[in-house]
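The structure under discussion appears below in the form of structure tokens.
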Amino acid sequence: MDSNKQLRMAKYGYIILSSLLCALGCVLIAKPGFSISLLCRIGGVLLILFGIVKIIGYISKDLYRLAFQFDLAFGIFLIALGVILLIRTNELVRFTSVLLGICILVDALLKIQIAIDSRQFGIRHWWLILGAAIVTGVVGFLLIFRPYESAQAAMILLGISLLAEGILNIITILLAVKVYRK
């Protein structure tokens with residue numbers, strides 16, 4: 001496959017999946033009584049798809065080589081975690097917010113590095129990536145440690161974190177991925 005097609009597929013796949021994360025986040029914020037087992041299944045599918053898109057992005061020929069620089073290992077990890085969520089849904093229901101919180105926190109930390117690299121590379125709006133990554137990292141951190149007792153608060157915080165992760169991904173992909181125009 002042409003590397004430009006791979007890059008476009010990765011970029012638009014990232015945008016579409018990130019938009020779905022934002023939508024799922026909004027649903028969880030609006031309806032905190034959402035089924036956690038259904039959320040695990042949806043999350044498993046999204047993780048697998050994100051893993052595939054990350055791997056495609058990693059092997060593509062991105063001009064800047066910033067947004068996908070950590071995505072081979074992280075993509076494989078997301079695929080494995082997605083498969084585990086799909087296969088072991090019932091056992092992982094209690095740990096879903098912690099697992100997703102860890103993924104969100106790690107991704108936010110990697111995006112902080114991308115923001116710093118973007119600044120050194122000369123991308124003017126690198127600070128947007130940095131700001132969104134810090135906010136997303138804080139929310140992911142809160143999701144891991146769950147400073148609340150109610151299940152509804154957990155779902156709302158999970159919704160906020162998915163929304164923040166989706167926005168962070170969209171900002172990063174729009175600012176740090178350059179597709180060659182022939």
Side-chain angles (χ1 to χ4, degrees), residues 14-32 34 36 38-51 53-54 57-58 66-86 88-89 92-118 126-176:
Y14 226 84
I15 291 170
I16 291 167
L17 290 172
S18 296
S19 298
L20 290 174
L21 276 184
C22 290
L24 182 58
C26 289
V27 167
L28 294 178
I29 293 167
K31 300 215 180 254
F34 196 81
I36 191 73
L38 180 58
L39 177 64
C40 283
R41 289 184 181 94
I42 293 170
V45 170
L46 284 175
L47 287 172
I48 291 168
L49 293 174
F50 253 117
V53 168
K54 283 181 174 290
Y58 179 82
L66 292 171
F68 300 120
Q69 64 183 323
F70 306 111
D71 282 0
L72 179 62
F74 201 51
I76 293 168
F77 172 74
L78 290 179
I79 291 170
L81 186 58
V83 169
I84 291 168
L85 269 176
L86 288 175
R88 299 283 190 189
T89 299
L92 294 175
V93 165
R94 292 180 356 149
F95 304 107
T96 300
S97 66
V98 173
L99 291 172
L100 293 177
I102 290 170
C103 287
I104 289 168
L105 179 60
V106 168
D107 192 49
L109 293 173
L110 293 173
K111 297 274 176 34
I112 288 172
Q113 172 134 14
I114 290 170
I116 292 167
D117 293 344
S118 295
W126 63 271
W127 53 271
L128 283 172
I129 299 170
L130 180 65
I134 290 170
V135 168
T136 302
V138 168
V139 177
F141 184 81
L142 290 174
L143 196 57
I144 294 167
F145 288 102
R146 298 173 52 165
Y148 44 79
E149 292 299 318
S150 82
Q152 286 191 333
M155 291 302 263
I156 291 170
L157 186 58
L158 181 58
I160 292 169
S161 65
L162 292 176
L163 182 60
E165 176 71 14
I167 292 168
L168 171 61
N169 287 339
I170 291 169
I171 289 170
T172 302
I173 213 72
L174 291 177
L175 292 178

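Computed from a predicted model, the values in this text were never measured in an experiment. All values below were derived from every heavy atom in this structure, side-chain atoms included, with hydrogens, water molecules and symmetry-related copies excluded.
- For the atom pair CG of Leu157 and CG of Leu162, the computed distance is 9.5 Å after rounding to the nearest 0.5 Å.
- The nearest pair of heavy atoms linking Thr136 to Ala164 is OG1-O, 3.2 Å.
- With contacts defined as side-chain heavy-atom distances shorter than 4.5 Å, the pair Asp117/Gln69 qualifies.
- Contact of the Leu24 side chain with the Leu39 side chain is registered, since non-hydrogen atoms from C-beta on lie closer than 4.5 Å.
- Heavy-atom neighbours of Phe34 CZ from other residues, nucleotides or ligands within 6.0 Å: above the threshold of 12.
- Rounded to the nearest 0.5 angstrom, Leu158 CG and Ile36 CD1 are separated by 6.5 Å.
- Shortest non-hydrogen contact noted between Leu163 and Cys26 is CD1-SG, 4.1 Å.
- Interatomic distance, Trp126 CH2 to Ile116 CD1, rounded to the nearest 0.5 Å: 8.0 Å.
- The main-chain N or O of Ile15 is never found under 3.5 Å from a side-chain atom of Ser18 such that the two would form a donor-acceptor pair.
- The side-chain contact (heavy atoms from CB on, under 4.5 Å) test with Leu78 is passed by exactly one of Leu46, Leu47, Ile48: Leu47.
- The CD1 atom of Ile79 sits 9.0 Å away from the CG atom of Leu49 when rounded to the nearest 0.5 Å.
- Inter-residue side-chain proximity for Thr172 and Tyr14 is flagged as unmet; no heavy-atom pair is nearer than 4.5 Å.
- Using a 4.5 Å heavy-atom cutoff, the side chains of Leu86 and Arg41 are in contact.
- Using cut-offs of 30° and 60° on the angle between ring planes, the pair Phe77 and Phe74 is parallel.
- Here the closest heavy-atom approach between residue Tyr58 and residue Phe68 is recorded as CD1-O, 3.2 Å.
- At least one side-chain heavy atom of Cys103 sits under 4.5 Å from a side-chain heavy atom of Leu81.
- Ser19 contributes atom OG, which lies 10.0 Å from atom CG of Asn169 (distance to the nearest 0.5 angstrom).
- Atoms OG1 and CG, on Thr96 and Leu143 in that order, are 10.0 Å from each other to the nearest 0.5 Å.
- Closest of all the heavy-atom pairs between Ile129 and Lys111 is CG2-O, 3.6 Å.
- Pairing each heavy atom of Ser161 with each of Ile104, the nearest pair is OG-CD1, 3.6 Å.
- The shortest heavy-atom contact between Ala133 and Ile112 is CB-CG1, 3.6 Å.
- Under the 4.5 Å side-chain criterion, counting only non-hydrogen atoms from C-beta, Leu105 is in contact with Leu109.
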